[in-house]
Amino acid sequence: MSAITKKRDWPTVLAAAWLIGLTILAFTADYLPFIRGYAESSPEGIGFSKGPFTSFLLGSDQLGRDVFARCIYGAQISLRIALFSIIIGTVVGGTLGMVAGFFGKASDRAISAFTDVMLAFPPIVIAILVTGRFDALRKNSEAFSWLSRTWSITFVLSILAIAPLARIVRAQTLSISQREFVLAARSLGARNGRVLVREILPNLVPAMVSVIFTGVAVLLIAEGGLAFLGYSIELPTPTWGRLIAENRNFIREAWWGTIMPCVMLFATVLSFNVLGDRIARRFDIREAAL
Amino acid sequence: MSDFLEVTDVFTHFETPRGQVRAVDGVTFTLERGKTLGIVGESGSGKTILSRTIMGLLPTRGTVRGGTIRYKGEEIQGRAPSEMRDIWGKQMAMIFQDPMSSLNPLMKIGMQIAEPLIHNLDMPKDQALATAKRLLDDVRIPESVKRLNQYPHELSGGMRQRVMIAIALACGPNLLLADEPTTALDVTVQAQILDLLREQRQDRNMSMILVTHDLGVVAGHTDEIAVMYGGKIVEKAPTDGLFKNMLMPYTAALLESIPKMNRPSHTRLTTIPGRPPDLVSPPAGCRFAPRCPAAQERCHSEEPPLSSAGSPGHVYACWYPVGSPVYREAIERRAKETV
Amino acid sequence: MAGTGKAHLRSGDALLRVEDLVVEFPVGRTGLKVNAVSGISFDVMRGETLGIVGESGCGKSTTGRGIMQLPSPNSGAVVFNGQDLSQLTGSDMREARTKIQMIFQDPISSLNPRRKVRDIVKEPLDIWKRGTSAEQDARVDKVLEDVGIDPQRAAESQPHQFSGGQCQRISIARSLVLDPSLIICDEPVSALDVSVQAQVLNLLEDLKAAYGLTMIFIAHDLAVVKNISDRVAVMYLGKLCEVATSDDLYRRPAHHYTKVLLDSIPVPDPSRPVAHGRIEGEPPSPVLPPTGCRFHTRCPAASDRCRNEEPQMRDVGDNHFVACHHPAWGGDAPVSITR
Amino acid sequence: MRYALQRLGQFILVFLVVTFLVMVITRIGSKDPARDLAGGLVAQEQVDEVRELYRLDEPFVVQYGNWIKNLVTLDFGYSYAQNQSVNDMMKQRLLPSFFIGIWAIFIGLLLAVPTAIYSAYRRDGAFDKTMSTTSFAFLSMPPIVIAVLLSFFIGVKLRWFPVDSNYVALWDNPWQHFRNFILPSFTLGLGLSAVWTRLLRADLINTLQSDFIMLARAKGMSPRRILWVHALRASALSLITSIAIQMGGLIGGAVVAEQFFAMPGIGDRLVFAIQQNDLLVVQAITALLAIVVVAVNLLVDLFYAVIDPRIRHARAIK
């Protein structure tokens with residue numbers, strides 16, 4: 001009875017399995033014969049939609065395109081955008097948060113003021129506004145012809161990720177900085193850089209990883225919302241949000257076209273949240289509101 | 001009178017992922033009306049859990065309790081919280097260690113004291129607040145009328161502890177359980193609080209159980225002392241008797257390891273080697289044996305019972321108590337070895 | 001007891017000489033400040049242990065950190081080995097700091113939970129690139145063995161796998177690795193049980209001899225401070241009250257606050273009469289400290305002079321110094337206190 | 001009072017920075033702001049009129065000052081693209097959005113508070129475990145997914161509530177009002193309730209383990225009184241903070257919900273205006289929404305200070 005019986009944590013296992021499987025499928029889609037090609041055209045012709053678990057795993061849409069294949073391609077785009085954005089957000093937001101929390105004083109006041117302002121903007125509102133303006137910029141200016149929707153959406157979502165991340169990292173850094181081992185390191189003559197990298201950063205990692213997971217979930221949700229409002233990347237590549245939006249009008253005739261990407265999006269967001277939650281619990285991090 | 005509080009063979013075990021922690025493991029004592037019992041021990045000795053067990057304030061989940069606790073002749077061990085509510089506040093009251101976190105930060109001081117009066121004794125609110133004011137005077141809080149409308153954070157640490165005492169006294173309990181009541185306070189304030197507790201106890205003819213890690217605190221403020229180690233009482237005696245004649249090697253070692261004011265500086269301290277036992281799998285025999293300077297083979301295999309020391313009320317759990325030939329011989333041998 | 005003045009500073013070869021140290025902290029953005037340390041001076045001779053004692057909030061820890069320039073004091077000189085640390089900047093400062101090391105109160109918080117214990121102890125050598133890798137390893141092993149920690153286990157384990165007492169030993173090892181000449185111990189044993197406390201105190205005495213250390217020992221427990229120190233300085237609300245050799249201070253305290261402090265300590269001896277020198281109230285806020293002598297609001301001997309004029313530190317003979325207008329002895333006109 | 005003024009000062013500062021940024025962002029990529037502000041395809045005279053009106057020939061700061069002046073006097077200008085004054089448009093469009101938000105918060109609290117209390121009280125029981133899984137699932141459900149599911153199952157399959165829910169004022173026809181608002185409000189309310197259930201449950205469990213609750217038990221207080229008077233009051237504070245934190249997300253969700261359920265609210269209008277390049281309207285709505293977020297945060301801060309004596313005290317130290 002003293003032996004520690006380790007129960008397998010099924011939600012974590014399932015979440016990890018789902019994410020790993022999905023990522024592999026999404027990024028090798030071009031090389032998989034059962035996905036490649038099915039997304040654009042159908043062997044069975046236009047205007048012929050079939051239900052799930054027929055010759056199409058998840059059915060086919062109004063144009064006869066395989067919903068499963070399109071969902072997998074959607075995953076590629078959605079995941080890529082969310083991951084890129086969280087990386088940029090973490091690097092910039094994390095650095096700002098660490099500087100504000102560690103050095104305090106003027107740097108803290110400046111960075112806190114910055115995050116206050118950023119957090120005043122409702123995220124989706126600012127996202128559609130900026131994406132819309134970037135569209136205009138691209139149209140009106142030769143110098144910005146490279147600024148595709150993919151870029152502008154990644155950019156906007158990164159910006160949105162910075163402020164909440166900076167805020168969380170700042171709070172964490174502040175509390176770690178007050179621990180006595182940081183004082184001890186300084187009394188040993190360690191430079192600020194060393195204290196930050198050796199003493200503070202390792203203690204930030206669990207919280208950061210947890211926040212990154214939940215952050216990806218939030219960004220996926222945001223991207224879905226943007227795509228639904230018409231601010232997705234250019235056709236023909238679908239993202240999940242776009243799939244949901246464009247098939248929604250046919251929900252009475254072919255519900256799978258909308259419901260399936262919904263399920264995909266939900267399962268992925270849930271998986272990221274589960275992992276983030278487990279890490280937070282494992283390292284006893286208080287639920288931070290992102 | 002000895003049937004005021006009778007604790008017999010009480011144990012409290014907790015289920016943890018590592019196994020069952022035997023936090024309190026077979027404790028027996030009695031307490032008379034109007035007397036003070038000091039329970040002394042280091043962290044992890046089970047002293048706090050014992051006081052909460054008597055009060056019935058432990059979480060029910062994952063807790064295994066046993067033995068009998070008779071209060072005024074009535075069995076109270078194992079009673080449901082709803083039944084204990086007749087006792088809480090009115091018969092037994094408790095004072096906790098940290099006066100900051102133990103008071104509700106969002107409730108005015110007056111209401112926190114008046115609350116039990118209103119809800120336990122059905123006193124009208126204005127009368128309860130008037131009583132609260134009197135209680136604040138009793139615990140020597142200046143400007144008591146003003147204090148009624150203040151919040152805990154507006155008071156100093158000592159004042160908050162006085163408020164907590166006032167709350168405990170409110171419904172006129174017969175037994176006061178004070179769990180490390182002065183540990184969070186500075187020495188000058190600690191002295192004030194201990195004096196206050198003594199005075200109130202005498203005025204109201206209350207019994208008190210004073211739980212502390214500080215032998216100095218119990219020395220001046222108790223009638224009787226129980227020393228706990230590894231979830232058990234290892235020695236119990238009237239206060240004077242204990243300090244004159246310590247029989248359990250642990251008690252003696254504990255006293256010896258405290259720096260004394262009246263010794264010259266740089267006096268080498270006697271230490272107790274090792275660490276307290278792991279209460280998931282405590283050592284066989286005497287739990288102190290692995291750290292005891294005089295432990296013999298028997299100590300490691302056979303658990304010593306509480307036996308009488310001859311003088312009234314003095315019991316100890318040791319096969320070879322301080323002063324016995326075996327003990328003396330072992331100590332002498334050890335002294336030679338270290339030289 | 002608002003003692004300023006430098007009468008107690010000794011001529012000759014002091015390892016550390018602190019003069020008029022002032023440390024203040026802003027209170028939020030209110031424009032107010034906490035007067036944590038308000039102009040104190042003291043010196044420490046080579047090989048000496050200076051004890052600094054006082055209640056919470058008296059500024060004793062801030063003093064220790066002020067010496068390390070962490071953070072830099074608002075004013076005052078900290079002359080260490082003939083060099084004023086407050087004038088140093090950048091890498092000179094970092095270099096100088098290595099000769100002074102600190103040990104903190106909370107053994108858990110003072111070790112980085114995410115590193116191996118051996119790496120924590122090796123960190124100082126790593127920062128300063130002292131010696132070859134083999135030399136570093138040898139040094140770390142030696143220091144770890146000296147404090148009683150198995151180097152093998154230290155290489156494999158993180159701090160949470162050690163007990164509080166062991167963590168404190170690890171902290172001590174880290175502070176010794178760079179061969180400092182001064183160790184500042186900030187309440188190093190107050191988080192430990194008495195039996196462990198004795199082990200650590202003995203260890204500190206041993207290491208002090210073995211490593212040729214000078215020590216500043218900061219604590220609230222007078223008995224502990226007395227035991228380990230050669231000279232003791234008593235602090236109250238950011239000021240010094242009294243400085244004397246530790247035996248002399250205990251035998252005949254001259255400052256009323258020191259007397260009160262001594263009388264408040266609970267002594268583990270029930271035969272000793274309960275002391276009468278209790279004082280009421282608690283220390284005032286360091287945000288708005290009293291004028292004149294900072295102790296006058298609670299002092300039994302306070303006069304008008306105490307309210308208006310700050311007493312200066314003066315010699316009352318036998319290397320005993322007190323900052324009081326009406327000391328218990330050695331004053332021009334001793335005031336008898338009737339209570 | 002001093003604290004309130006201080007916070008108000010901060011509010012004004014953030015207001016100025018935020019509106020300035022809004023103006024900068026809306027001008028991104030605009031070849032001819034006057035034409036865009038006038039609404040694109042209009043006559044040159046109108047464009048010149050707009051240029052005059054908004055001082056577009058003058059430096060940017062002057063333009064900004066002019067706009068702010070109009071903003072605080074609640075004159076949002078005239079949209080040539082829509083041939084309607086923005087004030088009139090706001091009047092029409094604000095109420096539907098306001099109701100979506102209010103009902104969403106109401107539904108969120110209505111579901112979250114009892115669930116969290118019961119979960120915390122019977123911690124790790126069957127109800128707690130079920131609700132904790134359920135709330136976690138809802139937490140992970142994007143508004144569009146909830147909207148799709150609700151409209152599909154309740155709107156399309158069961159036909160209980162209309163999917164295209166035109167705005168009906170509460171005071172004109174309460175029954176129709178609720179029927180029309182129930183799907184969009186639930187879309188947002190479910191997500192909010194998930195966040196708040198978890199937050200309040202965790203907070204309550206924490207509070208119930210604290211020393212002052214132990215003391216309340218030792219005083220002999222009844223479990224009911226301990227829960228309602230001691231524990232809940234302390235935990236309510238973090239719930240209120242969370243309402244402010246969720247404000248930005250709520251507004252974003254409302255934009256999606258309005259689009260989805262064809263509710264003629266302000267978010268719906270914003271999406272259209274961005275597509276139409278109708279800068280005047282875009283500028284006005286974005287600024288308005290940002291101000292709502294900042295204002296709610298300000299109100300919560302002040303409210304917090306009123307409820308929590310510790311904060312009141314900390315601010316009052318002179």
Side-chain angles (χ1 to χ4, degrees), chain A residues 11 113 116-117 119-141 144 147 217-218 220-225 227-231 240-241 244-245 248 251-252 255 258-259 261-263 265-274 277 286-287 289-290, chain D residues 10 13-15 17-18 21-22 25-31 36 133 136-137 139-149 151-152 156 195 198-199 202 241-242 245-256 259-260 267 270-271 273-275 277 282 285-286 289-294 297:
Chain A
D116 275 357
V117 168
L119 292 169
F121 292 107
I124 296 247
V125 169
I126 209 68
I128 55 175
L129 174 58
V130 172
T131 319
R133 293 320 304 166
F134 279 0
D135 284 352
L137 186 63
R138 182 177 62 241
K139 244 190 307 185
N140 292 339
S141 164
F144 288 97
L147 192 66
V218 171
L220 280 171
I221 294 176
E223 193 278 327
F228 176 81
L229 294 173
Y231 293 92
W240 284 332
I244 296 169
R248 158 173 101 89
I251 197 163
R252 283 161 219 263
W255 55 265
T258 295
I259 300 289
C262 275
V263 172
L265 178 56
F266 168 63
T268 310
V269 169
L270 184 64
S271 300
F272 276 112
N273 275 338
V274 165
D277 177 67
R286 288 259 248 120
E287 235 165 276
L290 213 154
Chain D
Q10 267 173 20
L13 207 70
V14 174
F15 168 81
V17 178
V18 165
L21 280 176
V22 167
I25 294 169
T26 32
R27 294 289 171 83
I28 292 175
S30 181
K31 247 189 198 160
D36 287 340
T133 312
F136 204 83
L139 195 71
S140 308
M141 235 182 247
I144 37 166
V145 172
I146 301 184
V148 166
L149 297 181
S151 67
F152 182 57
V156 176
V195 175
R198 295 176 62 76
L199 184 106
T241 319
S242 172
I245 292 173
Q246 296 297 325
M247 213 48 217
L250 179 64
I251 288 176
V255 174
V256 174
Q259 277 278 304
F260 197 101
L270 174 67
V271 174
I274 293 174
Q275 281 163 358
N277 226 4
V282 172
I285 294 179
T286 316
L289 294 180
I291 292 164
V292 169
V293 175
V294 183
N297 275 284

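Hydrogens, waters and symmetry mates play no part in the numbers below; they use all other heavy atoms, side chains included. None of the values given here were measured: they were computed from a predicted structure. The chains referred to below are lettered A, B, ... by the order of the sequence lines, with proteins before strands, and numbering in each begins at 1.
Using a 4.5 Å cut-off between heavy atoms, D/V282 contacts chain A through its side chain alone, with no backbone atom that close. For chain A, the nearby parts of D/I25 are the backbone and the side chain; heavy atoms of each come within less than 4.5 Å. Proximity to chain A (any heavy atom under 4.5 Å) is shown, for D/A137, by both the backbone and the side chain. At a 4.5 Å heavy-atom cutoff, the contact between D/L149 and chain A is made by side-chain atoms alone. Using a 4.5 Å cut-off between heavy atoms, A/L265 contacts chain D through its side chain alone, with no backbone atom that close. Heavy-atom distances place both the backbone and the side chain of A/V274 under 4.5 Å from chain D. At a 4.5 Å heavy-atom cutoff, the contact between D/T26 and chain A is made by backbone and side-chain atoms alike. Heavy atoms closer than 4.5 Å to chain D are found in both the backbone and the side chain of A/L229. Neither the backbone nor the side chain of A/F272 comes within contact range of chain D; no heavy atoms are under 4.5 Å apart. There is no contact between A/A217 and chain D, counting heavy-atom distances below 4.5 Å.
The shortest side-chain heavy-atom distance between D/V18 and D/I291 does not fall under the 4.5 Å cut-off. D/F15 is not listed as a side-chain neighbour of D/V294, based on a closest heavy-atom distance of 4.5 Å or more. Side-chain atoms of D/V292 and D/M247, non-hydrogen and from C-beta on, do get closer than 4.5 Å to each other.
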Run the side chain to side chain contact (heavy atoms under 4.5 Å, CB included) test on D/Q275 and A/Y231 for me, step by step, so that the C-alpha distance in whole Å, both residues' side-chain angles and the decisive distance to 0.1 Å come before the verdict. CA-CA 10 Å; D/Q275 281 163 358; A/Y231 293 92; 3.8 Å; yes

Derivation of the side chain to side chain contact (heavy atoms under 4.5 Å, CB included) call for D/L21 and A/F121: CA-CA 10 Å; D/L21 280 176; A/F121 292 107; 3.9 Å; yes

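With chain D as the partner, the residue from A/I124, A/N273, A/D116 showing the most heavy-atom pairs under 4.5 Å is A/N273. Contact tally against chain D (heavy-atom pairs below 4.5 Å) for A/L119, A/T258, A/I128: the top residue is A/I128. Considering only heavy-atom pairs separated by less than 4.5 Å from chain D, the leading option among A/I244, A/I259, A/L129 is A/L129. Contact count against chain A (heavy-atom pairs under 4.5 Å) is highest for D/V148 among D/V17, D/V148, D/V14.
For the atom pair CZ (A/F144) and NZ (A/K139), the distance works out to 15.5 Å, reported to the nearest 0.5 Å. Distance check: D/N297 CG to D/I245 CD1 gives 8.0 Å after rounding to the nearest 0.5 Å. The CD1 atom of D/I251 sits 11.5 Å away from atom CD1 of A/I126, with the distance rounded to the nearest 0.5 Å.
Within the 3.5 Å criterion, the main-chain N or O of D/I28 finds a donor-acceptor partner in the side chain of A/R133.
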